[in-house]
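Proteins get letters first, then strands, A, B, ... in listed order; numbering begins at 1 in each.
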Amino acid sequence: MYILQVLINGMLLGGVYAILGLGMSLILGIVKLTNLAHGEYIVIGAYTSMVLQAQLGTDPFLSLIVSVPFLFLAGYLVQRFLVNKAMSSGAEPALLVTFGVSVILKDVLLLIFGADARHISTDYSNSTVMIAGLAIPLLNICLLVLSGAAVLLLHLFMHHTRTGMAIRAVSDDPEPAELSGINVPHTFAVAAGAAAATAAVAGLCVGMKWTWYPSSGGHYLLIAFVIVVIGGLGNVAGTFAAGILFGLMQVIGGASYGLLISYIFLILMLTIRPNEFFGRYLLFQRKRH
Amino acid sequence: MKRGSLVRLPAVCMIVFCVLFLLAGCSGGNKDTIRIGYVNPTTGPLAGNGEGCDWVVAQMEAYLKDHPIKVNGEEKACEIIVYDSESDANKCSELTQKLIEEDNVDMIIAIQTPNTVIPVAEVAERYEIPCIATQSPIDSLANSRDEFNWTYCSFYTLDDVYESQRALWTAAGCGVGSGARVGTLFANDADGTAWHELFMKRLAEDGYEVVDPGQYPSGTTDFTSLANEFKSKDIDIIAGTNIPPDFMNSYNAIISAGVEVKGVTMGKCCLLQSDVEALGDLADGIMTQVWWAPTNPYSSALTGISSEKLNEAYMADHDGRVMPQPAAYAYEALELAVQTFNSAKSLDKEDIRTALSSLDVDTIIGHVKYDQKMKGLTFARTVLCGGQWQRENGELTLKIIDNSLHPEIQLTGEYQPGNATNKK
Amino acid sequence: MISGDSGSKKSLMIAGAVFLLLLIPGVTGAAGNNVLRYGFRIFLYITIGEMWNLLSGYAGMTSLGQQSFIGLSGYALAVVTSKYGMPYPLGFISGLVISLVFALAMSFLLLRIDGMYFAITTWVVAEALGTLFMSMTYVNRGAGMTISAVPYPRIGTLYVMALVLCFGVLLLIKMLMSSGSGLKIIAMRDDPQAAEASGVNLKKTKRMVYILAAGITSLAGSLFFLNKGTIYPESGFDIGWTISMVFIVIIGGSGTFYGPVAGAVIYVLLSEILAHYPGWSNIILGAAAIVMILFCPKGIVRIRIRNKN
């Protein structure tokens, strides 16, 4: 019974891990940018929700109404005016720009909010519901639903809106997309904005589930990388599955070895048979060369 | 283009060396100024420990303006140079070298957790510069190298910590011989490893049943299986030391799993009101070590300020925020430095070391006299009490509920069952 | 970088003269310890910068995991000197051997992938090593280790070692890139398919570059940690090491010989100056990096070339 309960909790937490990886999956898969500032976006999302909850006293889930557009705008502007320009001269200069953004954000957050550990708590933070004799934390269920909704929304956006289709066209091959009249820098910036917007949702999840401080971004960035690479780039459904898999590995490995096991799993999976997982992406890489 | 690149290497080297010689020329020189080097984790994960450093340095500089240091009767100017380690051990050693070689400091202050103190003291030892170490358990520093000839440390030992936590368990009804089951929470960072080793030994000696789920990497987010181990073994006490995110992530998981305990004693993460407030209702009743409190009966022999007055001054400048315990140790370190120079015969480093080693002074955190030895390290044992976070009119306050190690400290409350101690 | 015989001889002589000139302060102690400290750091950052440049700039293998080798060699040094009480040169050798063996083993896994996957996986390998060392009792877990040596080498000695390593690496890169292997490496970066078609063994070339970079980075790592004296899993396997290499190479000029030299000088001087602004140093460093990339995206060295022509 315990084991079942533990496994279910691990899978429920997979929702949080998936939402951590979702934005990274977008930006890596579509913009082809290794965004080192993504962890800080998540932390900003958490602080935004915390401030709104403290100031307005509303339920933290409602804070998304403000934090999602706010981070979308921030992500859009950073991509449009800083990263796009650096990307035109290669992936490495862009990497360094995102590093610059990351350290600046980290220390500015420290100046604004101080070094205190923070947590978004609600009345139901520690409630559990009994389902078929298993005690399931209510919060885990809420967060799974939230991240499922975010994944679904993003999927609809990518496949059923004009902008989403433009993003996918640019992702497949920027040159013909540009010839057919798509504004590539704008499209990249929208994709980056959408990635940052998912970071707002991730920030809320992280803030309600765990505790963070200004320098926590690095941990979340690494988890996001791991999820993305397991799930495949730009693959929304794969990201969700990877989140659940990662959650299970944390539970199976326990606190002491969960991280190590997921790293080793990732390295092996990536290196032994990448083609099965990433066939499409690698094919595209070859085409460009 | 090729010809250009051939000439460029020597040109670059020449420019570099011109710059370096200029830099070397700028620094050092004036021996009428005493320089104290201070490496502080202002940013990064340890920033909570480094809080208040600027304020403390400003206080001491203001004092020194009116009461200059007198070395052998001669007035000297004093400069305190603070560098930010970014909580990075690599930067700690680099910046200490910079302080010694570029700024020609006469003394180094190594402070704020073993992760900062050990690298800084290591460099100070190698360059033979007197070093005041504080706010790192004696054991961690003493185990880091065979002998210390220039470093003097003042803090508590891990044995003190264990005994203080044991006294708190006793208050919660789990004394020696009660057969209580103690669940341990230690990350595998520097502090966690040192504490873990000693706690395992002492817990076994005292006949406690230990539930040790193993150490975990700092930053672990998932403690579900650990929580379930605690649940199935039905623990009575949670003990350990953690940084705030690790404790709060694990503690939330433990409470969510339905674990009930009689007491929680946790080091490091529960020092500040803001840190425990992040736990919400779960914070009521958590017990922790208190190494300094505004209510402590100590005053600085140097500046004459009492613990209470110092805290009031801090609160006035920080919107009513209580002075963090580590900041009091920053004040102590600077007091010790100034006292050392006041009693030194000259600015020769041997004389400074002699003055430092024979200090016998009252400071804001208690009396400091370097009269004990652990392995190669000479140290002064400082105050350690047991405290509990209790809610008073909705506000969490840290009450001192145990003074068995240092009876001269007044108690400010007594053990109360709280949300964190709900096991019957 | 194809130079005529007389040209290369002349540049070799100039380089030799500069080397001897730089050797003087280290041997005689004429320049003061602080100058040696700056020199030591600059030479080591040039070394690791050149190695990252070889990987990313010349061979197109952008790695985010070079800190693996710095951490491994630092720990090898600590284990050999403080656990077994042996002299530190033995620590250098064991660090080098461990890094080479580890790089060889990892190359079989890592060279199957390229692009962003290679970058991220190398980083995850380094994180996995850090996490592993955190839980290994053999290396004191997170409590870290100290490096002991009696007598501890003075800054003058460290300076000379860093200088020799740095010039050795510069010479090696110069020779490698003007040899047949250098042409293969460039061809592989510019067009892997065409290079393979014209007879370049991609796997072999990549493996050589990866292992060479690992070995030399590990030597630099040994020297770095010999100077620091303490090592922790989070300081040895810190992504910050590779970020500094990226900074040095990109700011200086990726894929150029002198880029990392210029980048390392800028990086070290900038970080030393920024130490005087505690709490703001990283904000300024980040802003400086962004501004420099936006205004000279190809690196400092390339600006000068354009101005000259």
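- Of all the listed residues (A227(B), P217(B), G258(B)), the one sharing the greatest number of non-hydrogen pairs under 4.5 Å with chain A is P217(B).
- Smallest separation of non-hydrogen atoms from Y216(B) and A255(A): CB-O, 3.4 Å.
- More than 12 heavy atoms of other residues, nucleotides or ligands shown are found within 6.0 angstrom of CD on E277(B).
- Contacts between P45(B) and chain A at a heavy-atom distance below 4.5 Å involve backbone atoms as well as side-chain atoms.
- Contacts of S87(B) with chain A are absent, with no heavy-atom separation under 4.5 Å from either backbone or side chain.
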* To do: Apply side-chain contact (heavy atoms from CB on, under 4.5 Å) to the pair H119(A) and N252(B), showing each step before the final yes or no.
  => CA-CA 11 Å; H119(A) 180 72; N252(B) 273 317; 3.9 Å; yes
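- Interface remark: of the candidates Q215(B), E229(B), E86(B), Q215(B) forms the most heavy-atom pairs closer than 4.5 Å to chain A.
- T224(B) OG1 to I8(A) CD1: the interatomic distance, rounded to the nearest 0.5 Å, is 12.0 Å.
- For a residue to count as touching a neighbouring chain, one of its non-hydrogen atoms must lie under 4.5 Å from one of that chain's; by this rule L46(B) does not touch chain A.
- Taking OG1 of T221(B) as the start and CG of L20(A) as the end, the distance is 8.5 Å to the nearest 0.5 Å.
- Proximity to chain B involves both the backbone and the side chain of D116(A), based on heavy atoms less than 4.5 angstrom apart.
- Heavy atoms only, all atoms of each residue included: G254(A) and S225(B) are closest at CA-OG, 3.0 Å.
- Within 6.0 Å of atom CZ in F70(A), 12 or fewer heavy atoms from other residues, nucleotides or ligands are found, so the atom counts as exposed in its surroundings.
- Contacts of Y17(A) with chain B are made by side-chain atoms alone, with heavy-atom separations under 4.5 Å and no backbone atom involved.
- With contacts defined as side-chain heavy-atom distances shorter than 4.5 Å, the pair W210(A)/P245(B) does not qualify.
- For T211(A), the parts sitting under 4.5 Å from any heavy atom of chain B are the backbone and the side chain alike.
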* Please test K106(A) against T43(B) for side-chain contact (heavy atoms from CB on, under 4.5 Å), starting from the C-alpha separation and ending with a verdict. => CA-CA 9 Å; K106(A) 201 179 294 180; T43(B) 60; over 6 Å; no
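- Summarising the geometry of H219(A) relative to S218(B), their closest heavy-atom pair is CE1-O, 3.7 Å, with the distance given to 0.1 Å.
- Rounding to the nearest 0.5 Å gives a distance of 8.5 Å between NZ of K209(A) and CG of D222(B).
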